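The sequence lines fix the lettering, A, B, ..., with proteins before strands; numbering per chain opens at 1. Computed from a predicted structure; not experimentally measured.
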Protein chains: 2
Amino acid sequence: MQLSERKEKILAAIIEWYIATGEPVGSKTLLEFSRIPVSSATVRNEMAELSRLGFIEQPHTSAGRIPSQMGYRYYVDKLMNRYELPINEKRLIEARLSDAGGEPQQILEQAGQVLAELTNCAVVSTTPTDENAVIRRVELVPLGTHTAMMVMLSSSGILKSRVCRTDSELTLELIETFYNIVSKHFIGKSASEVSIALIQTLALSLGSKSLAISPLLVTLSDLAQLTEQTQLLLQGQSNLLHHNDYPNAYEIMEFLRRGEPLTNLFAGHKAENNTNVLIGKENFYRELQDSSLIYSHYSVGGKDSGALGLIGPTRIDYARLIPSLKYLTEIVGKIMSDTLED
Amino acid sequence: MQLSERKEKILAAIIEWYIATGEPVGSKTLLEFSRIPVSSATVRNEMAELSRLGFIEQPHTSAGRIPSQMGYRYYVDKLMNRYELPINEKRLIEARLSDAGGEPQQILEQAGQVLAELTNCAVVSTTPTDENAVIRRVELVPLGTHTAMMVMLSSSGILKSRVCRTDSELTLELIETFYNIVSKHFIGKSASEVSIALIQTLALSLGSKSLAISPLLVTLSDLAQLTEQTQLLLQGQSNLLHHNDYPNAYEIMEFLRRGEPLTNLFAGHKAENNTNVLIGKENFYRELQDSSLIYSHYSVGGKDSGALGLIGPTRIDYARLIPSLKYLTEIVGKIMSDTLED
DNA sequence: TTTAGCACTCTCATCATTAGAGTGCTAACT
DNA sequence: AGTTAGCACTCTAATGATGAGAGTGCTAAA
């Protein structure tokens with residue numbers, strides 16, 4: 001649907017004022033701050049029309065208008081001028097991310113922190129995944145006679161570690177055997193190929209050493225699984241309490257904590273490279289249907305790998321947040337790619 | 001101050017009822033649920049006395065009584081029968097912690113999760129520190145021609161890693177030089193000895209290689225610092241929103257996020273091995289003065305290393321939470337010690 | 001020392017009233 | 001035909017009055 005230019009101006013004014021103040025906007029108020037050269041009666045007529053079309057609604061008869069979900073949607077799609085992020089904000093983001101220290105998780109944590117401060121929203125992000133990632137390196141660092149720390153590094157830069165206890169003593173020989181198995185059967189394989197079945201077969205084929213080495217192999221498989229799993233990071237949850245017309249903060253926090261649904265959501269829409277905006281009921285999950293979710297995928301080495309998302313009330317400053325998120329996502333991808341390639 | 005037995009009974013009844021229901025307790029209500037064989041008038045007299053002494057107070061004239069801070073304190077110190085944790089809850093805790101997977105941070109995360117579920121409080125915990133910890137191992141895992149991941153393991157089991165970029169190519173020779181320096185100057189030293197000054201001196205002494213190796217040494221020093229730093233973990237923050245007579249959840253969440261004050265608090269009281277309870281204004285920090293903080297130190301290898309703490313409203317089920325926290329702390333210490341020694 | 005009884009206080013919910021904001025409609029104006 | 005002034009109408013939110021109910025403290029009797 002296409003609105004007349006004047007209707008668009010009025011709609012944009014309503015939305016921007018409402019986002020800024022949280023108050024429903026009346027016809028007179030609107031004239032005060034927006035430079036629309038008509039009388040309040042005309043505005044009223046236009047507003048009535050916009051109401052009929054479903055772009056704005058009234059909390060009650062004697063109140064002003066507030067944007068409907070459809071209104072926000074129109075605004076985001078057509079009206080909002082996605083302003084270029086000011087250079088100093090860009091610099092700020094770059095500066096804050098430059099000292100994050102290499103590992104994807106650290107970069108994301110830093111990015112999330114910045115984003116939470118910048119936007120006053122809750123921030124979610126997923127660690128990079130890469131179906132084609134393979135196990136790049138496995139290290140076994142002995143800690144004592146019966147314990148060792150196993151470290152696994154994937155080709156996509158994910159590092160995971162776990163402490164492993166063995167029943168029998170961790171001899172040099174045992175460790176060597178382990179390394180042999182690893183380099184023969186696992187290095188260069190994808191994590192998903194490290195199945196329990198394979199582990200068992202291998203263990204059995206070792207005969208007498210089987211018992212001694214199997215705890216190591218089990219840990220290996222645990223690690224492989226961990227490496228493969230997307231992790232969800234949450235930050236700025238307390239920002240949800242800022243917004244006072246937003247009573248269900250608890251519910252949302254619990255939803256975010258569950259993690260899994262969001263991970264799926266991000267994975268599902270991986271194709272679109274653009275920033276996505278889901279407003280209110282557009283969200284599949286009930287818990288988010290009073291909120292807006294804005295998310296954007298970052299790409300490492302040219303492939304979409306993970307996403308950063310913002311969650312806040314539907315009454316949120318889309319025009320400001322979207323460019324910030326977009327730019328930050330870009331930088332995150334760039335930094336991760338830098339580290340990985342060479 | 002010592003109260004008469006009957007006063008103690010009444011005080012305990014008021015506190016327990018108030019903790020359970022959140023409602024101020026009147027003299028009649030009290031008779032209904034507690035088996036105190038006197039009339040409401042007598043209870044009223046006793047209550048008046050308890051009010052005068054400062055153990056209970058009235059929100060307003062026509063309301064019942066609620067415990068004062070002093071009342072809670074008396075209850076925690078003398079009345080509350082610290083009941084032994086039921087065996088099945090013990091088992092539950094043990095089961096949930098057994099598969100946490102070795103690293104201190106993972107153990108604490110798991111413990112915090114359990115505690116948050118069990119207590120409905122926000123949970124804070126600090127990673128183990130050990131002034132006598134030394135650098136046990138440093139590994140450099142090449143990722144590309146100019147990047148590597150450096151991993152540092154301390155004798156107290158802390159593992160930290162960072163990605164490091166070098167300006168010149170990471171040759172095998174360079175790596176070997178690095179390992180030589182590390183084993184000669186750093187292994188077995190405490191992290192605090194890795195000063196910038198030392199790094200600079202070392203770099204200079206290398207002459208031509210100086211420039212190539214200094215990024216590695218800088219990363220090493222970063223890692224040493226990280227290893228030494230106590231980290232604060234937060235969990236169950238959303239639990240703060242559960243309690244409805246507790247409006248300042250946001251303030252507390254922000255306070256917790258800042259982290260540092262709590263780290264200091266825990267470090268400051270390290271001497272006492274017992275569980276500590278700080279009620280309301282007993283807390284030094286303003287942000288906590290409407291809350292209660294219960295914390296307990298875990299010890300790894302016989303030395304106090306870190307702490308777990310619970311934060312909730314002053315109206316909290318002390319009698320149940322304290323034993324839970326205590327037991328969990330014990331187990332955490334035990335598991336960490338297991339991993340470390342051998 | 002305990003208890004019954006009673007006057008007193010204060011909160012909270014309910015209801016009526018009112019000021020104010022904002023609308024939609026009509027009729028006049030450009 | 002589009003715009004505007006004016007006005008009746010509607011609904012909210014604030015205010016104040018009223019009354020029921022809960023709980024107390026005190027007194028006098030047991």
Side-chain angles (χ1 to χ4, degrees), chain A residues 2-11 13-18 20-68 71 244-245 247 315, chain B residues 3-11 13-68 71 244-245 247 315:
Chain A
Q2 183 64 36
L3 297 176
S4 75
E5 194 182 339
R6 195 169 65 187
K7 282 204 183 58
E8 289 193 340
K9 261 192 190 153
I10 291 177
L11 179 58
I14 292 176
I15 292 181
E16 276 157 19
W17 187 256
Y18 181 67
T21 67
E23 300 291 328
V25 191
S27 52
K28 275 185 191 161
T29 329
L30 194 144
L31 284 181
E32 276 167 31
F33 64 86
S34 82
R35 287 262 158 257
I36 300 185
V38 291
S39 76
S40 67
T42 310
V43 174
R44 274 203 292 285
N45 287 332
E46 294 285 51
M47 278 174 148
E49 185 78 7
L50 283 170
S51 272
R52 210 166 306 128
L53 296 172
F55 290 97
I56 54 181
E57 42 197 38
Q58 276 179 295
H60 49 263
T61 337
S62 74
R65 305 304 219 285
I66 62 175
S68 69
N244 39 5
D245 50 343
R315 194 206 119 205
Chain B
L3 297 176
S4 75
E5 194 181 339
R6 194 169 65 188
K7 281 202 183 62
E8 286 193 341
K9 262 191 188 152
I10 291 178
L11 179 58
I14 291 175
I15 291 180
E16 276 157 19
W17 187 255
Y18 181 66
I19 284 175
T21 67
E23 300 293 327
V25 190
S27 52
K28 275 185 188 162
T29 329
L30 194 144
L31 284 181
E32 275 167 31
F33 64 86
S34 82
R35 286 263 158 257
I36 300 185
V38 291
S39 75
S40 68
T42 310
V43 173
R44 274 204 292 286
N45 287 332
E46 295 285 51
M47 279 174 144
E49 184 79 6
L50 282 171
S51 271
R52 212 164 307 126
L53 295 171
F55 289 97
I56 54 181
E57 40 195 41
Q58 275 178 293
H60 50 262
T61 339
S62 75
R65 304 305 219 286
I66 62 174
S68 69
N244 40 5
D245 51 342
R315 193 205 120 206

**OP:** Verify the neighbour count for atom CD of Gln2(A): are there more than 12 heavy atoms of other residues, nucleotides or ligands below 6.0 Å?
**Re:** yes
**OP:** Answer yes or no: is there a donor N or O on one side and an acceptor on the other, between the side chain of Arg315(A) and the main chain of Tyr18(A), under 3.5 Å?
**Re:** yes
Original post:
With a cut-off of 6.0 Å (strictly less than), are more than 12 heavy atoms of other residues, nucleotides or ligands near NZ of Lys7(A)?
Top reply: yes
Original post:
For every nucleotide of nucleotides 9-17 of chain C, 5' to 3': is a protein heavy atom under 4.0 Å from its base (B), only from its sugar-phosphate (S), or from neither (-)?
Top reply: BBS------
Original post:
Of all of residues 15-25 of chain B, which get a heavy atom below 4.0 angstrom from DNA chain D, listed by number?
Top reply: none
Original post:
Are Glu46(A) and Val38(A) side-chain neighbours, meaning at least one heavy-atom pair lies under 4.5 Å?
Top reply: no
**OP:** With sequence neighbours excluded, give me every side chain to side chain donor-acceptor pair (under 3.5 Å) pair touching residues 27-41 of chain B.
**Re:** Ser27(B)-Arg44(B), Ser39(B)-Thr42(B), Ser40(B)-Arg44(B)
Original post:
Between which nucleotides of DNA chain D, 5' to 3', does chain A make heavy-atom contacts below 4.0 Å?
Top reply: dT3(D) to dT12(D)
Original post:
Partners of Arg52(B) by salt bridge (charged side-chain N to carboxylate O under 4.0 Å, His left out), sequence neighbours excluded?
Top reply: Glu49(B)
**OP:** Tell me, with the steps shown, if Leu50(A) and Leu3(A) meet side chain to side chain contact (heavy atoms under 4.5 Å, CB included).
**Re:** CA-CA 9 Å; Leu50(A) 283 170; Leu3(A) 297 176; 3.9 Å; yes
Filtered N/O pairs between nucleotides 2-4 of chain C and protein, under 3.5 Å:
| residue | atom | partner | partner atom | Å |
| --- | --- | --- | --- | --- |
| dT2(C) | OP1 | Arg6(B) | NH1 | 3.0 |
| dT2(C) | OP2 | Arg6(B) | NH2 | 3.3 |
| dT3(C) | OP2 | Ser39(B) | N | 3.0 |
| dT3(C) | OP2 | Ser39(B) | OG | 3.4 |
| dT3(C) | OP2 | Thr42(B) | OG1 | 2.4 |
| dT3(C) | O5' | Ser39(B) | OG | 3.4 |

Original post:
What distance do Arg65(A) atom CZ and Ser51(A) atom OG have between them, rounded to the nearest 0.5 Å?
Top reply: 3.5 Å
Original post:
For the atom pair CD1 (Ile36(B)) and CD1 (Ile10(B)), what is the distance rounded to the nearest 0.5 Å?
Top reply: 5.0 Å
**OP:** Look at the side chain of Ser68(A) and the backbone N and O of Glu57(A), then say whether any donor-acceptor pair between them is shorter than 3.5 Å.
**Re:** no
**OP:** Might you work through the side chain to side chain contact (heavy atoms under 4.5 Å, CB included) test for Phe33(B) and Thr21(B), ending with a clear yes or no?
**Re:** CA-CA 12 Å; Phe33(B) 64 86; Thr21(B) 67; over 6 Å; no
Original post:
Would Ile14(A) and Met47(A) satisfy side chain to side chain contact (heavy atoms under 4.5 Å, CB included), going step by step from the backbone distance to the final call?
Top reply: CA-CA 10 Å; Ile14(A) 292 176; Met47(A) 278 174 148; 3.6 Å; yes
